[in-house]
2 protein chains.
Amino acid sequence: MPVAARGSLAEALSLRGIRLTRQRRLLLEVLDNAPGHLNARELLQAARRTDPTIDRATVYRTLHLLKTSGLVDELDLLHLEGEEHYYERRRTGDHVHLGCPQCGTISEFETDLVTKLAQEVHRREGFTATGVRIEVRGTCKACGEAQAR
Amino acid sequence: MPVAARGSLAEALSLRGIRLTRQRRLLLEVLDNAPGHLNARELLQAARRTDPTIDRATVYRTLHLLKTSGLVDELDLLHLEGEEHYYERRRTGDHVHLGCPQCGTISEFETDLVTKLAQEVHRREGFTATGVRIEVRGTCKACGEAQAR
DNA sequence: CTGTGAATGCAACTGAGTCGCAACTACGAG
DNA sequence: CTCGTAGTTGCGACTCAGTTGCATTCACAG
Ligand SMILES: [Mn+2]
Ligand SMILES: [Mn+2]
Ligand SMILES: [Zn+2]
Ligand SMILES: [Zn+2]
């Protein structure tokens, strides 16, 4: 991962008075390089491939920290399978998650409706949103076409 | 609760080949009359006030049934407190949940953006939504005003 | 009324997430 | 570049939401 990203990460953390430990750096790196969405168990497994001594408790404590710092978002993807939660680095563009129970696929969908919703909630209710989570369950295109026959 | 509602409930269930047992009727009644959002433990407690013999396993099995039948929605309210999930009867008007971590209040917000999102997802992605869950975390009006001083 | 498959209660189990504590370490003051 | 210390980690025990197998009970079609 680019040096710039590392720099800004250390910055982002120290700005908040958070120490940049070996474990925290590793966990963020794993999240950055993960192809999809990881749950806590998968995150631990992946991190252990680099540092076999890292502990489950550290993963949970770090996730809590990163969530409240706004660096990571927690999803449950409508619990399509199991009770776990999933984690992803917070990005700039807002996106929504689409889950298809038939094939188990989670896809992402960018839309400005997230921002629109935050604005509407503020205008009509005086509520200042700090985080919006939108999860959609349904039939994906592929499953829909397969069903049509 | 109106007889009509009861009738349509029995209908709704038997249409799907679901037996209307004493326990299922009770759990739906408790959900209907609940002031706010209940988690599984609270639902069990409330139901036990009427039928002390009802079991935890029945609550979970029934919730699963009602969820997959589309009669009940599961929320996690962004897990403002704890890991539990919350349940509410599905209504006609779409609504969104607003959670304020500072005062712990959950409020509801009606908006047609839910429908708009479902339409946009279908148009742009070919994804047919069967359920949309939108949860917003932030500072409520009261807490915002208190903070301004 | 009766028979039967579905649903329930019970009790044991699973596994995600938490917590207290002793050892360790990031990092700022000197 | 030390050193001191508050913050962090690993560990192991723990909590508690949710699940499961099985014997008993019950809804409801015939
Ligand atoms: Mn995502
Ligand atoms: Mn959840
Ligand atoms: Zn699909
Ligand atoms: Zn508030």
Side-chain angles (χ1 to χ4, degrees), chain A residues 6 9-28 30 37-48 50-69 72 74-87, chain B residues 6-7 9-28 30 37-48 50-69 71-72 74-87:
Chain A
R6 284 286 178 74
L9 169 61
E11 239 176 75
L13 286 176
S14 65
L15 265 179
R16 295 161 225 239
I18 297 173
R19 291 191 184 176
L20 188 54
T21 65
R22 181 169 43 89
Q23 292 86 343
R24 287 173 184 169
R25 211 181 348 245
L26 172 58
L27 290 171
L28 275 166
V30 170
H37 303 90
L38 300 178
N39 61 32
R41 184 177 36 79
E42 292 164 339
L43 177 57
L44 174 64
Q45 283 173 356
R48 279 200 160 147
T50 300
D51 175 1
T53 70
I54 194 170
D55 191 75
R56 192 165 32 117
T58 301
V59 169
Y60 284 112
R61 287 191 279 234
T62 302
L63 283 173
H64 183 81
L65 182 84
L66 296 174
K67 273 188 286 175
T68 56
S69 303
V72 158
E74 180 181 70
L75 317 168
D76 74 14
L77 301 178
L78 291 161
H79 294 292
L80 291 187
E81 54 209 18
E83 292 299 312
E84 323 89 50
H85 289 107
Y86 298 84
Y87 302 90
Chain B
R6 284 287 180 73
L9 169 62
E11 239 176 74
L13 286 175
S14 66
L15 265 180
R16 296 161 223 240
I18 297 173
R19 291 192 182 176
L20 188 55
T21 65
R22 181 168 43 90
Q23 292 87 342
R24 287 173 183 170
R25 208 178 353 241
L26 171 58
L27 290 171
L28 275 166
V30 170
H37 304 92
L38 300 177
N39 60 33
R41 184 178 36 79
E42 292 164 340
L43 176 57
L44 174 63
Q45 283 172 356
R48 278 199 161 149
T50 299
D51 174 1
T53 70
I54 194 170
D55 191 75
R56 192 164 31 116
T58 301
V59 169
Y60 285 112
R61 287 190 278 234
T62 302
L63 282 173
H64 183 81
L65 182 85
L66 296 174
K67 273 188 286 176
T68 56
S69 304
L71 290 174
V72 158
E74 180 181 68
L75 317 168
D76 73 15
L77 302 177
L78 291 163
H79 294 294
L80 291 188
E81 53 208 21
E83 292 299 313
E84 322 90 48
H85 289 105
Y86 297 84
Y87 303 90

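In what follows, every chain begins at residue 1, and chains take the letters A, B, ... in the order their sequences are listed.
Taking 4.0 angstrom as the limit, A:T21 places a side-chain polar atom (N or O) nearer than this to OP1 or OP2 of D:dT9. Remark: A:Q23 is in phosphate contact with D:dG10, judged by side-chain N or O atoms under 4.0 Å from OP1 or OP2. Considering only side-chain N and O atoms, A:R22 lies nowhere under 4.0 angstrom from the phosphate OP1 or OP2 of D:dT9. One finds no side-chain N or O of A:T58 lying less than 4.0 angstrom from the OP1 or OP2 phosphate oxygen of D:dT9.
B:E84 contributes atom CD, which lies 10.0 Å from atom CG of B:L77 (distance to the nearest 0.5 angstrom). We find the OG1-CG distance between A:T62 and A:L27 to be 5.0 Å, quoted to the nearest 0.5 Å. The structure places CG of A:L44 at 11.0 Å from CG of A:L38, a figure rounded to the nearest 0.5 Å.
For the pair B:T68/B:H64, a side-chain contact is recorded, criterion being any heavy-atom separation below 4.5 Å from C-beta on. Contact check for B:L43 versus B:L63: side-chain heavy atoms found under the 4.5 Å cut-off. Residues A:V30 and A:T50 fail the side-chain proximity criterion, which asks for heavy atoms closer than 4.5 Å.
Protein atom CG of B:L28 is 14 Å distant from nucleotide atom P of C:dA7, rounded to whole Å. The CG atom of A:D76 sits 15 Å away from the P atom of C:dA16 (whole-angstrom rounding). Atom CD in A:Q45 sits roughly 14 Å away from atom C1' in C:dA16 (whole-Å rounding). Distance CZ (B:R25) to P (D:dC26): 14 Å, rounded to an integer number of Å. Atom pair A:I18:CD1 and D:dA6:C1' shows a separation of 15 Å (rounding to whole Å applied). Straight-line distance from the CG atom of A:L44 to the P atom of D:dT9: 13 Å, rounded to whole Å. As rounded to whole Å, 15 Å separates atom C1' of D:dT8 from atom CG of A:L26. When the P atom of D:dT9 is taken as reference, atom CG of A:L63 falls 12 Å away, rounded to whole Å.
Remark: side-chain polar atoms of B:R24 are paired, donor with acceptor, to backbone N or O of B:R19 under 3.5 angstrom.
Note on the helix from C:dC1-D:dG30 to C:dG30-D:dC1: terminal axis deviation equals 50°, with five pairs used at each end and the result rounded to 10°.
Taking the ring-ring contact (aromatic ring centres under 6.0 Å, His included) definition, one finds that B:H85 meets it with A:H79, B:H79, sequence neighbours left out. Partners of B:D51 according to the side chain to side chain contact (heavy atoms under 4.5 Å, CB included) rule, which considers only residues two or more places apart in sequence or in another chain, are B:R22, B:L26, B:T53, B:I54. Applying the side chain to side chain donor-acceptor pair (under 3.5 Å) rule to B:R61 yields no partners; only residues at least two apart in sequence or on another chain are considered.
Nearest heavy atom pair, residue A:Y86 against residue A:H37, reads CD2-O, 3.7 Å. When every heavy atom of B:A40 is checked against every heavy atom of B:Y87, the shortest pair comes out as N-CE1, 4.1 Å.
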For a quick check, with a 4.0 angstrom heavy-atom cut-off, what is the B/S/- contact string for nucleotides 14-22 of chain D, read 5' to 3'?
---SBBBB-
Contact list (N/O, under 3.5 angstrom) for nucleotides 2-5 of chain C vs protein:
residue : atom : partner : partner atom : Å
C:dG5   : N2   : B:R19   : NH1          : 2.6

